[in-house]
Amino acid sequence: MWTTFGVAAAFFTGILAIIDYNIRKEVTITLFGITLFISAVLDIYYLLILNEKKVEADFSDQLYFIWWVNRIFYSLTLLVGTAVYLKIKARYLRTPEQKRKTIYKTAIFCVLAGISCVLIIANTDSILQRKQVLSQMVKIDLFSFLPLIFLFVWAAFYLPKFMLRFHSIFSKFLILSIAPLFLAQLFMALSTSVFDPYYNAAHYLRFISYLVPLTGIILNYVETVRNEQRIIAKLDVEVREKHALTANLIERERLLANAEKISKLGSWELDIKANTYKWSDELYKIYGFGGNTFHPTHAIAEQVVLPEYRNKLAKELANAVKNKTNFAAEYQIVRPDGVKRYVLNQGYFATKENKLVGTVQDITELKEATLKLRKNETLLREGEAVSNNGSWEWQSNGEQVVWSDEMFNIHGYLPHSTLININSYSNFVHKEDVKILRKAFIEARQNKTSFKVNYRIVRPNGEIRHVSTTAKFKEDEIGKGFSYLGNTQDVTQLKEAQRKLEEKINELNISNKDLEQFAYVASHDLQEPLRKIRAFGDRLKTKFAANINSEGQDYIDRMQNAAERMQALIDDLLAFSKVTREVKEFSEVDLKELLDSVLHGLDYAVESTNAKITLSVNEKVDGISSQLAQVFQNIISNSLKFVRPNVQPILEISSQVLIGSAIPVVGVLQHSYYCVVKITDNGIGFDEGYAGKIFDLFQRLHSRTAYKGTGIGLAICKKIVENHFGFIFAKSKEGEGASFFIVLPLKHSTTQ
């Protein structure tokens, strides 16, 4: 019964060992399973013999020997198999193919050993006869203790090594199987007859020794399943972590791609050994290629670079490879569409990978801005030199003052030849003006306001120069500091010109006083003799007309006409002088009322010429009423004077309000509103080539015999209009009439 149980346990152990190998690909348990499986086959053979011998009276010696053979097989296969396996495990059992070969060899060895045992059992009778002869010679049954010796050697020398190399539940259970194996061998050695207590106990313990490895395999399988579950759980965690890492890498790649796109920065690498290039997507765009549509090569990379930069770039890259250092090169490329761009190529040599790794950045805008900045700096430097203007900056968190080159030139020093700070600057200032400058700066600094100050400086050669400094207060965007940005101009020449101008003004004032004295003489002293000439001429003509012949009468008429013209000329000059010197306050003037008054005063001239006048003016302007009346009176009088023979005079007086940008006059304010008064007649007109000259003094387009006048009237009109910050001009065609335009601001401003 116990042998049958042992056979079942051994069979299950062998089957589970094979299953374990298919799952874990581990040969350790498989080798023990094969040994137990062959042992179980022998036990079946043992049971068959037992069934055949049960009719015999005494077969204890035969059964004992058969079972001894089985014990020898099991103990010897454990010993030899473990020793050989430990020897070859460290060398050959690396691949699945090697493991399969080992299993095949073990199975063949066990089968051959089993067959040998069967052959031995088949010759039991002859062997027992030799054993009886040996037993008579030796009283101790050494054969009974031989399996025990083999087990002892296995347990003492090879099992500990096996335990050190293979840590598993199965190997631990092998230790537990040692005790029942030893006891089974010991009890069988002590048994004297079949089915005595030692014999039965030995078979029971042998079943237990089979059951323990079976339990170890089962528990080892359970542990394997648990380990696999733990590994699966760990792998699941790792998979999730890898998914998260992958997502993070994808996000970083996206951010890197966006960063490359924003900064116009592409990356590349060159495998020196394989001579292969790799470009990022942004580098394709920088070089002007439509996406990652081809594999880059050295020829393509070189072709993109302008010819004049290729040697420079090749030299930089060669030095980086040779010296295993960093590199940087700035050059121009030309895209397939012909557009040229500036790029900056920089990177390093990766020694371990034997690669050149670099980045290419499109710096066209930066390069153009730098060139423009340099040009502006040059223009600013030259502009400062031309205008004698120097710029400077002082920050509240330091004492040093930063000067431009022209600041050094203004103060008589070479650029950057000395350090300037807020305290030492007083050494450059004239002693009499140091307090003025310090007071202005201290007050501005305390109040945090801008300032302007004029003072003198002393150059190293002792030359005194006048300067004007204007400084602007500026708060720092970060922190609580502030700074001053200033401009210092050498105004020495301006001061000298101002002094000369003041002298000229004084001379002009003296001249004006002389002119005023002349005007007084013209208005009083010259008019008195002129009146006497005209009076005596009238008396000669009236009292002595009978005594004077026709020639004398003609002389008297010419004298009277000359005196009359002289009187008109003096009156007009006085009127022009009065307009120039007269200063009155501006007030609102209704142009319609003013023109009605002027036309009323010209009733006689209108009636005598049978003129037709159309008036359509409704605006009001700021001005001087009496002066504007004189303007309109002079122009309308001219229109009534310069008429065509046998043609009824027609005058049209109109007005409109226009913005300055719509008026074709130089000097008009573009965003101010003006009242434009237009006076059009159908008189004789004039050549438009004289349109600018008719407003000058003493300008006449006709002889005195044809039309009376002094040529001062339009000059007076121009002067009055200019006093009103306005403009006057005329348009005409000879023989077709003329148009006069008076442009007056609607509102007077003191800034005009």
Side-chain angles (χ1 to χ4, degrees), residues 363 365-479 481-504:
I363 59 170
E365 286 75 15
L366 179 62
K367 186 74 174 179
E368 291 175 350
T370 303
L371 295 175
K372 186 177 181 180
L373 180 61
R374 290 178 182 175
K375 184 177 180 180
N376 289 339
E377 287 179 353
T378 303
L379 292 175
L380 179 61
R381 191 180 297 110
E382 293 177 354
E384 286 186 347
V386 171
S387 60
N388 288 330
N389 271 297
S391 55
W392 54 269
E393 181 181 10
W394 173 78
Q395 295 182 346
S396 61
N397 56 5
E399 293 296 322
Q400 188 173 357
V401 182
V402 180
W403 275 10
S404 67
D405 292 350
E406 189 59 25
M407 279 292 291
F408 287 96
N409 295 332
I410 289 173
H411 290 78
Y413 289 87
L414 293 175
H416 311 289
S417 60
T418 183
L419 295 177
I420 311 299
N421 59 54
I422 200 67
N423 295 318
S424 65
Y425 181 67
S426 59
N427 298 328
F428 300 94
V429 183
H430 196 283
K431 292 182 179 180
E432 296 178 1
D433 296 343
V434 171
K435 291 183 179 180
I436 299 174
L437 179 61
R438 285 182 176 176
K439 181 180 178 181
F441 179 72
I442 291 173
E443 290 180 354
R445 185 175 177 179
Q446 290 176 348
N447 300 326
K448 294 184 177 181
T449 57
S450 302
F451 69 91
K452 182 177 182 179
V453 60
N454 297 321
Y455 56 94
R456 290 169 293 174
I457 60 172
V458 181
R459 289 182 172 178
N461 59 3
E463 182 184 2
I464 298 175
R465 306 291 292 181
H466 293 267
V467 297
S468 177
T469 293
T470 303
K472 181 180 180 181
F473 174 80
K474 181 182 179 182
E475 290 186 356
D476 292 341
E477 296 180 356
I478 301 176
F482 60 93
S483 61
Y484 276 99
L485 299 176
N487 176 272
T488 298
Q489 184 179 13
D490 186 343
V491 295
T492 305
Q493 294 180 353
L494 183 63
K495 284 283 186 180
E496 181 64 20
Q498 185 177 0
R499 183 187 62 79
K500 293 181 179 180
L501 180 61
E502 289 176 353
E503 291 179 357
K504 292 293 183 182

Query raised in the report: Can you find a side-chain donor-acceptor pair between N427 and S424 that sits under 3.5 Å?
Result: no
Requested in this report: Measure the CD-CG distance between E368 and L373 for me, rounded to the nearest 0.5 Å.
Outcome: 13.5 Å
Query raised in the report: Hey, does K372 have a side-chain heavy atom less than 4.5 Å from the side chain of R374?
Result: no
**Report entry** From CA spacing to verdict: side chain to side chain contact (heavy atoms under 4.5 Å, CB included), S391, M407
**Finding:** CA-CA 6 Å; S391 55; M407 279 292 291; 5.7 Å; no
Query - T488 and W392 side chains, donor-acceptor separation under 3.5 Å - result: yes
Query - Rounded distance [0.5 Å steps], CD in E393 versus OG in S483 - result: 5.0 Å
Requested in this report: Find the distance between CG (N487) and CG (N389) and round it off to the nearest 0.5 Å.
Outcome: 4.5 Å
**Report entry** Which atom of N454 lies closest to which atom of I436, heavy atoms considered
**Finding:** O-CG2, 4.4 Å
Query raised in the report: OG1/T469 to NZ/K452 distance, rounded to the nearest 0.5 angstrom?
Result: 10.0 Å
Report task. Determine, step by step, whether R499 and E496 satisfy the salt bridge (Lys or Arg N to Asp or Glu O under 4.0 Å) criterion, reporting the C-alpha distance in whole Å, the side-chain angles of both residues, the deciding distance to 0.1 Å, and the verdict. Result -> CA-CA 5 Å; R499 183 187 62 79; E496 181 64 20; 2.3 Å; yes
Query - I410 vs F408 side-chain heavy atoms within contact, under 4.5 Å - result: no
Report summary line: Heavy atoms of R459 and N409 approach each other most closely as NH2-O, 3.6 Å
Query raised in the report: In Å, rounded to the nearest 0.5 Å, how long is the span from NZ of K375 to CG of L371?
Result: 10.0 Å
Query raised in the report: Which pair of heavy atoms, one from T492 and one from D490, lies closest together, and at what distance?
Result: OG1-OD1, 2.7 Å
Query raised in the report: Less than 4.0 Å between a side-chain N and a carboxylate O, is that true for R465 and E463?
Result: yes
Requested in this report: Return the minimal non-hydrogen interatomic distance between Y484 and R445, and the atom names on each side.
Outcome: OH-N, 3.5 Å
Report summary line: Taken to the nearest 0.5 Å, the spacing of L485 CG from Q395 CD works out to 9.0 Å
Query raised in the report: Can you tell if the side chain of S426 reaches within under 4.5 Å of the side chain of R438, non-hydrogen atoms only?
Result: yes
**Report entry** L419 atom CG: more than 12 heavy-atom contacts under 6.0 Å
**Finding:** no
Report task. Mind listing the closest non-hydrogen atom pair of H416 and D405 along with its distance? Result -> NE2-OD1, 3.0 Å
Query raised in the report: Is K500 salt-bridged to E503, cutoff N-O under 4.0 Å?
Result: no
Report summary line: Heavy-atom closest pair (K472 atom, S450 atom, distance to 0.1 Å) is CA-OG, 3.4 Å
Report task. Please examine the side chains of P460 and Y413, heavy atoms only from C-beta on, and report whether any two atoms are closer than 4.5 Å. Result -> yes
Query - Polar contact flag, side-chain donor to acceptor under 3.5 angstrom, T449-N447 - result: no
Query raised in the report: Within a strict 4.5 Å, meaning less than it, do heavy atoms of the Y425 and H411 side chains meet?
Result: yes
Query raised in the report: Under a 4.5 Å cut-off applied to non-hydrogen side-chain atoms, are Y455 and V467 in contact?
Result: yes
